[in-house]
Structures are given as structure tokens and as C-alpha cells.
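Reading through the C-alpha cells given below for one structure.
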Amino acid sequence: MTGCGGSNTAATNDPIKLAVAAPFTGSDSIYGDYMKHGVELALAEINGASGVLGRQLEVAYEDDKGSSTDAVSVAQKIASDSSVVGVIGHMFSGCTQAAGPVYQQNGFPTIAVCSTNPKVATIGDYVYRINVGDNYQGGALAELLIEKGLTKAAVIYENTDYGTGVATAFKDKYEELNGTVAMDESYAGDADDFSVLLTTLKQKDAQAIVMCGYQTAAAKIMMQAKSLNIDLPVYATDGVYNDDFINLAKEDAEGVYIVCYFHASDPTESVQNYIRKFQEKYPDVAVDPWSAYAYDAVRLMADAITRAGSTDRAAIKDAIASTTSFAGVTGTINFTGAREPVAKEIIIVQVKDGKFQVSGN
């Protein structure tokens, strides 16, 4: 039976199917691992409590390799499968920006994870994200530096949709608050030698460094900065909030401040319950924020299907849009007139003694 508005064609006692898109192979596959951990934990919880609409929830994993080109191919494959009622993913902004229009055109409700570029929230009314965007993160970081009296910042950013987006948001807000951008330079994420960039930075009259990118390049930058005796406070965006940053940079990561929206030290009962369940399921894996986002995305999608009362994709999309006060482990989620959470608070962590610890700012 096929319902109107794009419902799936499965019999009513068959599982409800979601597609999960992320980089499961390639250099960024660690993010696919994060995604899968959160998804599997949510599935176990949901299906262990009678599922959704009395049916089990299942997922099909699709590998976008972290590439926008592959993301389009994945989206086209998903859009051709009438049994899929919703999409969790993609992870990276470039992938979601490439794949999102396919989901929009074909009416597939989508909740992206970690795709923070501001443009993601403008793709269309079928495409949402579980986390706030670069404009929010960048603006909050600018306000923090001004509050700390750091009025001259060197901004260095990875030349990706993510790095460019959050750097632009920071610079716009920082200058609006009368801060001075002493340096504005991009770098290639796969580079090994940052000596030219860092030598230039050393010559600038900056009070702080704002680093917008991902963990691998950030670790290399910190190691090379220390070798050049660059000793400025460093504030990094949430793409650096990853254990690999500390594992790679080791003592050179010490002192770096990083933006995040989830931390294991949060005493909130829901967060501590999530951590307990995560550690029980994955005893040898460290708790990370990206798994928590994926966990929330699956739970919110399941909640939307329940509120829609059907697997009609248009009805699910409308239910996602009307989400208010959804208690996620990454914070309360409201999609009030937006396609991203409204009014989430940022957390600043600092690397201390080889660990991320909540900072007093």
C-alpha cells in the first residue's frame, strides 16, 4: 500500500527504514565510526522500548567518503529507495550542501549531523540539522574574546566549507564588536608544513589565535607553532574537539580552548544516563560529542515519526519543523521558525593534563 504524500511502501508490520549517510571509509572514516556508535545506541534504546508506531526501526548505512561528489551519488541512491522514510546525515557541510537539494527535491526529511555551514539551514524545508551553525558558534566565540579583552585576533582557517563558514561568522561579529582581525589566512587541511603561515602570524600584532578547522591540521599547526615559540592563547572551533587532536599534538595541545556543545562532565541526568549506556555498549571507546549528536538525531527523527502518526514523509517533515523542547543529550532542541536548534548555549573546554576539561573561560 502506498499512502499519499510519499510514505514508504512497506507493509505495516515491516520495520521503518532510515538511511544514515557519513564517511565510513577514507581519511575521515573516524567520523563515520562516531555516527554509527550514536545511531546504534539510539536504535537499541528505541527498539528495546517497542520501536516506533509499534514497528522496529532499522537503518541502511551509506558511505559518502567525506566527498561532496560521493554525497550526491549517495543521495540519489537513497532518493530512489521508496522504503526509506528519512535520512540521518550527512556529517560534513560540503556533503550536506551537495546532497541536501536531492533530498529536498524528492521530499526526504533529513536531519544532518555536524554540518555547520550557515547555508545548510537554507537548503529547504526538508533539510534540518541537529546542531547549531557556524554563524552561531562564530558569533559566540567573537563575543567571548571581546569579553576577555582580546581585541586583536589572528584568524586561520581550513579551506573547506566548514572552516570558511565559521571563520567568516567569527570575523563579521568580531569586527561588529570593534575587534581587529590582525591576520586572515586559510590553509589546506591535508598540508604538512605550516611554516610560512606561522612565520607570518608571528609577525602580526595579535593577542590571540582563532583556529577554524579540523583536528589533524590543528594538531600539526600547534606542534609547529610551539617549535617557533609562538605563545598566544588559542581558541579553536568544534571541529578540533576530538581526542585525535590531543593524541597527535600531545603536550603542544595543552592550553588550547575549544568550543563544544556536549561534554561528559555535564551533570545533567540525561547526559549522565547517555554516558552510562554508551560505556556499557562500547567499553573500549571514549565518549565523544559526534556520537551524541547522531544519537539525538535518530531519537528526534523517531519522535517526529511518532508525532506524525505515520511514515508519510511530508508528515514527518512537518513534525520535525514543529519540534519544541526536545530533550536531547546535546541540549534542548527547538526548531522554532528555523531548520537548526534555536538558542543553544556553547561550552568552552580547555586541554589540561592531556584531557578536555570544562573551562572557566
Quiz item: Does Asp296 reach the main-chain N or O of Val329 with its side chain, forming a donor-acceptor pair under 3.5 Å?
Solution: yes
Quiz item: Quick one: does Tyr187's side chain get under 4.5 Å of Ile221's, heavy atoms only?
Solution: yes
Exercise. Name the orientation class of the two ring planes belonging to Tyr295 and Tyr274 (parallel below 30°, tilted from 30 to 60°, perpendicular beyond 60°).
Key: tilted
Quiz item: Can you find a pair of side-chain heavy atoms, one from Thr237 and one from Tyr157, that are under 4.5 Å apart?
Solution: no
Practice problem: For Tyr282 and His37, indicate whether the former's side chain and the latter's backbone hold a donor-acceptor pair under 3.5 Å. | Solution: yes
Quiz prompt | Nearest atoms (heavy-atom pairs only) where Ala22 meets Gly32 | solution = CB-CA, 4.1 Å
Quiz item: How about Tyr293 and Phe262: are their ring centroids closer than 6.0 Å?
Solution: no
Quiz item: So, do Val85 and Leu18 sit near enough that their side-chain heavy atoms are less than 4.5 Å apart?
Solution: yes
Quiz prompt | Side-chain heavy-atom pair Gln357, Gln350 within 4.5 angstrom cut-off | solution = no
Exercise. Indicate yes or no: at least one non-hydrogen side-chain atom of Phe170 is less than 4.5 angstrom from one of Tyr235.
Key: no
Practice problem: Determine whether Val59 and Val298 fall in the same hydrophobic cluster, where Ile, Leu, Val, Met, Phe, Trp and Tyr are linked whenever their side-chain heavy atoms lie under 4.5 Å apart. | Solution: yes
Practice problem: Specify the closest pair of heavy atoms between Gln224 and Phe194, including all atoms of both residues, with the distance to one decimal. | Solution: OE1-N, 2.8 Å
Quiz item: Backbone N or O of Asn117 within a donor-acceptor pair of the Asp134 side chain at under 3.5 Å?
Solution: yes
Quiz item: What are the two closest heavy atoms between Tyr31 and Gln215, and how far apart are they?
Solution: OH-OE1, 2.6 Å
Quiz prompt | Over 12 foreign heavy atoms within 6.0 Å of NZ, Lys220 | solution = yes
Exercise. Taking Ser322 for its side chain and Ala319 for its backbone only, find out whether a donor-acceptor pair lies under 3.5 Å.
Key: yes
Quiz prompt | Salt-bridge criterion met for Arg299 and Asp303 (N-O under 4.0 Å) | solution = no
Quiz item: If you look at every heavy atom in Gly124 and Arg339, which pair is closest and at what distance?
Solution: O-CD, 3.1 Å
Quiz item: Which heavy atom of Lys277 sits nearest a heavy atom of Leu41, and at what distance?
Solution: O-CD1, 3.9 Å
Quiz item: Going only through I, L, V, M, F, W and Y residues with side-chain contacts under 4.5 Å, is there a path from Tyr261 to Val342?
Solution: no
Quiz item: Counting N and O atoms only, with roles assigned by atom type, does the side chain of Tyr174 sit under 3.5 Å from a partner on the main chain of Thr151, one being a donor and the other an acceptor?
Solution: yes
Practice problem: Answer yes or no: is there an ion pair linking Glu175 with Lys171, defined by an N-O contact shorter than 4.0 Å? | Solution: no
Quiz item: Does Gly354 offer a backbone N or O that forms a donor-acceptor pair with the side chain of Glu254 under 3.5 Å?
Solution: yes
Self-check item: Lys173 bridged to Glu176 by N-O distance under 4.0 Å
Solution: yes
Quiz item: Taking all atoms of both residues into account, what is the closest heavy-atom pair of Ser82 and Arg313, and its distance?
Solution: O-NH1, 3.6 Å
Self-check item: Sidechain-backbone polar pair: Glu185 side chain, Ile156 backbone, donor-acceptor under 3.5 Å
Solution: no
Exercise. Determine whether more than 12 heavy atoms belonging to other residues, nucleotides or ligands lie under 6.0 Å from atom NZ of Lys226.
Key: yes
Quiz item: Is there a donor-acceptor pair under 3.5 Å between the side chain of Ser67 and the backbone N or O of Thr69?
Solution: yes
Quiz item: With distance as the sole criterion, is a donor-acceptor pair present between the side chains of Asp238 and Tyr162 under 3.5 Å?
Solution: yes
Self-check item: Main-chain N/O of Phe92 paired to Ser115 side chain as donor or acceptor, under 3.5 Å
Solution: yes
Quiz item: Distance only, no hydrogens: is a donor on one side chain within 3.5 Å (strictly under) of an acceptor on the other, for Asn242 and Tyr34?
Solution: yes
Practice problem: With the side chain counted from C-beta on, respond yes when Leu198 and Lys202 share a heavy-atom pair under 4.5 Å apart, and no when they do not. | Solution: no
Quiz prompt | Any donor-acceptor pair under 3.5 Å from Asn47 side chain to Gln56 backbone | solution = no
Quiz item: Does any non-hydrogen side-chain atom of Ile88 lie less than 4.5 Å from one of Met35?
Solution: yes
Quiz item: Tell me, do Val351 and Phe245 make a side-chain contact under 4.5 Å, heavy atoms counted?
Solution: yes
Quiz item: Would you call Lys281-Glu40 a salt bridge at under 4.0 Å N-O?
Solution: no
Quiz item: Charged N to carboxylate O under 4.0 angstrom, Asp161 versus Lys119?
Solution: no
